[in-house]
There are 2 protein chains.
Amino acid sequence: MKKEPNQRRDEIIEKAASLFQEQGYRAVSMRKLALHLDIKASSLYNHINSKQEILSEIVMELARDFTIHIQSVSRSLNKNAGEKMREIIEMHVRVTIRKTDFLACLNNDWMHLGEKDREEYIEMRQSYESDFRAILEEGIQQNQFVKMDKEIAVFSMLSSLRTFYLWLKRNPEQDEQHLIDEMNRNLLDGILK
Amino acid sequence: MKKEPNQRRDEIIEKAASLFQEQGYRAVSMRKLALHLDIKASSLYNHINSKQEILSEIVMELARDFTIHIQSVSRSLNKNAGEKMREIIEMHVRVTIRKTDFLACLNNDWMHLGEKDREEYIEMRQSYESDFRAILEEGIQQNQFVKMDKEIAVFSMLSSLRTFYLWLKRNPEQDEQHLIDEMNRNLLDGILK
DNA sequence: GTCTATAACCTGATAGAC
DNA sequence: GTCTATCAGGTTATAGAC
């Protein structure tokens, strides 16, 4: 809750995200995490209360950022559906670049959150998908988008965006604007001439 | 290797795929798996040699099917790039419908394969992506596809296809041809008018 | 083919010395 | 803030009775 700066704690969470992303939450023990930080597992508990708390720190803040951002975009009145869609795609790419490992954990390990966090996460994800769908609907009604099965389109576009971190892991140091442009074209224009 | 029919063994592997898909390979213990099959964990070892062998059975055959299929499509001489792409997309959707849980395991749990299988898996995945990329290249040269960053396009399209099982889990019993048509449109034509 | 019992080890987490 | 020692329970897998 509070935002006391806590360097060691952040270090632990960063390293955990990196390992979770690589091996999965269940495959990374506290001993393994501690080894990568050159301390003993028991020392971790001076900075965090539980393994699940680390996961929560990684996933929940990022999920809240996504939820808030798409809400503000989808409700803005001075943009048409196409512009909204481009802004969402751009946001996804930017977050992917800045929080690569955190996003990977959000995608792959959310089901290992504690019950309360997990419920909140699922709610936020539903809310996000619902806002995304609303923009598609708006675009179809404005005759800016083609007629389509919105459910499948939401899923298909979000799949590309959500797993973009995988590609970025294998192709680091790309020009940010190039990535944004290409993802916009892939998802909005398609590849056919 | 041999294809003796072995009903109980297949039952175990099916149930394991279902649980792995839901909770992740590491989160499903042999006791948990046994509980869902109404036997004791030790009895499982009369049918399989190890937990990892179950994962291998789930992932490797499916990976080989994908690899072989895209090879035969990409090398066929009587189809243009657009037709090849449509056939690959169709194949992905059909496999997703028929092997939903197996595909989920392939996507999420391949890193828990034994070293030998894991290496073979990675090779097959690279080969698959390389065939996919070649079809895009062919389409660009034939002036059938727009100019694009092929690496990003391969990733983006495959992301949608690979995680289609997630959507299918939440929306079962859809018309197969409708799914194929919509995925073709999403990935090839985009959503913009 | 399933069971009980058990081996050998790993798991998250805590107590208390320094 | 890190350490050693430890707890209580879970992990894969095997041995051997039935």
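From a predicted model like this one, the values you see are computed outputs, not experimental measurements.
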(Q) Counting C-beta onward and ignoring hydrogens, is there a side-chain heavy-atom pair between A/Leu179 and A/Leu168 closer than 4.5 Å? (A)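 In short, these two side chains touch, coming nearer than 4.5 Å.
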Would you say that B/Asn186 contacts B/Met183 through its side chain, given a criterion of any heavy-atom pair below 4.5 Å between the two side chains? yes
Do [X] and [Y] have side-chain N/O donor and acceptor atoms under 3.5 Å apart?
| X | Y | result |
| --- | --- | --- |
| B/Ser159 | A/Ser160 | no |
| B/Glu11 | B/Gln7 | no |
| A/His47 | A/Asn6 | no |

Problem set entry | Proximity to DNA chain D (any heavy atom under 4.0 Å), residues of residues 8-22 of chain B only |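 Going residue by residue through residues 8-22 of chain B, none turns out to have a heavy atom under 4.0 Å of DNA chain D.
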Note: contacts of residues 28-40 of chain B with DNA chain D (heavy atom, under 4.0 Å) are B/Val28, B/Ser29, B/Met30, B/Arg31
Take the protein atom [atom1] of [X] and the nucleotide atom [atom2] of [N], then report the distance between them rounded to whole Å.
| X | N | atom1 | atom2 | result |
| --- | --- | --- | --- | --- |
| B/Gln52 | D/dT12 | CD | P | 11 Å |
| B/Ile48 | D/dA13 | CD1 | P | 7 Å |
| A/Arg26 | C/dT11 | CZ | C1' | 10 Å |
| A/Ile54 | C/dA13 | CD1 | C1' | 12 Å |
| B/Lys51 | D/dT11 | NZ | C1' | 8 Å |

Just checking, A/Lys51 and A/Tyr25: is the charged tip under 6.0 Å from the six-membered ring centre and within 45° of the axis?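 Yes, A/Lys51 and A/Tyr25 form such a contact.
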- Message: Walk me through whether A/Phe164 and A/Leu103 qualify under side-chain contact (heavy atoms from CB on, under 4.5 Å).
- Response: CA-CA 9 Å; A/Phe164 192 52; A/Leu103 192 55; over 6 Å; no
Side-chain atoms of A/Ser43 come closest, of D/dT14, D/dC3, C/dG12, to D/dC3
Report task. Among D/dT4, C/dC3, D/dA13, find the nucleotide with the atom closest to the side chain of B/Ser42. Result ->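 Looking only at side-chain atoms, B/Ser42 lies closest to C/dC3.
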Item to check | Phosphate OP1/OP2 of C/dA13 contacted by A/Tyr45 side-chain N/O (<4.0 Å) | outcome: yes
### Task
Step by step, work out the side-chain contact (heavy atoms from CB on, under 4.5 Å) result for A/Met85 and A/Phe132.
CA-CA 8 Å; A/Met85 215 68 238; A/Phe132 201 98; 2.9 Å; yes
With A/Tyr165 as partner, the option from A/Asn108, A/Asp101, A/Thr96, A/Thr100 fulfilling side-chain hydrogen bond (donor to acceptor under 3.5 Å, both in side chains) is A/Asn108
